[in-house]
Amino acid sequence: MPEIQATHGWTRASIQTAFTVFVVVQTWLTPIEGYFIDRYGPRVIVAFGGVMTGLSWIVDSYAGSLGMLYVGSAIGRPRPRSCSPAATTR
């Protein structure tokens, strides 16, 4: 985190907000992901999660503003939750 602070001049608290976005999105998407796993199967959802994670890494790597960092955190977070339920479904 010190590298991000030094490069962009953002505070540690504002950078940590990206993690808060991660947790909120991850938590609230769980029931929706469960529905989609039941409807489309785990392979499709895990593949979608992988694509979203890759997109998140790209957005985060080019983030020049806190808003972009938060967007990257939000779009990539279906991945952890989409993989966990998939392991226990069907």
Side-chain angles (χ1 to χ4, degrees):
M1 192 170 340
E3 295 82 11
I4 297 173
Q5 284 180 290
T7 302
H8 297 286
W10 301 334
T11 66
R12 187 175 223 120
S14 60
I15 296 168
Q16 244 349 81
T17 301
F19 182 72
T20 302
V21 171
F22 165 88
V23 171
V24 168
V25 171
Q26 176 179 334
T27 302
W28 288 100
L29 281 180
T30 301
I32 297 166
E33 289 166 351
Y35 168 78
F36 284 123
I37 288 171
D38 288 343
R39 184 168 173 97
Y40 300 107
R43 285 186 192 191
V44 172
I45 303 307
V46 170
F48 174 75
V51 169
M52 294 303 286
T53 298
L55 183 60
S56 170
W57 290 346
I58 292 168
V59 170
D60 284 344
S61 71
Y62 287 101
S65 68
L66 283 169
M68 283 302 283
L69 185 67
Y70 300 156
V71 167
S73 292
I75 62 174
R77 300 323 174 217
R79 190 232 4 117
R81 300 312 286 173
S82 66
C83 294
S84 315
T88 59
T89 310
R90 293 189 192 181

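Index from 1, following the sequence. FYI, side chains are in, hydrogens and waters are out, and symmetry mates aren't considered; it's all heavy atoms of this structure.
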(message) Ignoring hydrogens, what is the shortest heavy-atom contact between Ile15 and Leu66? Give both atom names and the distance.
(response) N-CD2, 4.5 Å

(message) With a 4.5 Å cut-off on side-chain heavy-atom distances among I, L, V, M, F, W and Y, is there a chain of contacts connecting Ile32 to Val44?
(response) yes

(message) Can a donor-acceptor pair be found, under 3.5 Å and without considering hydrogens, that links the side chain of Ser56 to the backbone of Met52?
(response) no

(request) Determine whether Ile37 and Tyr35 fall in the same hydrophobic cluster, where Ile, Leu, Val, Met, Phe, Trp and Tyr are linked whenever their side-chain heavy atoms lie under 4.5 Å apart. (result) yes

(request) Please list, chain by chain and in numerical order, all residues satisfying ring pair (Phe, Tyr, Trp, His ring centres under 6.0 Å) with Phe19, sequence neighbours excluded. (result) Phe22

(request) Check ring pair (Phe, Tyr, Trp, His ring centres under 6.0 Å) between Tyr70 and all other residues, then give those that pass, not counting sequence neighbours. (result) none

(request) To the nearest 0.5 angstrom, please state how far the OH atom of Tyr40 sits from the CZ atom of Phe48. (result) 11.5 Å

(message) Could you report the tightest heavy-atom contact between Gln5 and Arg12, atom names first, then the distance?
(response) NE2-N, 3.3 Å

(request) Check side-chain contact (heavy atoms from CB on, under 4.5 Å) between Val24 and all other residues, then give those that pass, not counting sequence neighbours. (result) Thr20, Trp28

(message) Quick check: closest heavy atoms across Ser73 and Asp60, and the distance to 0.1 Å?
(response) N-OD1, 3.8 Å

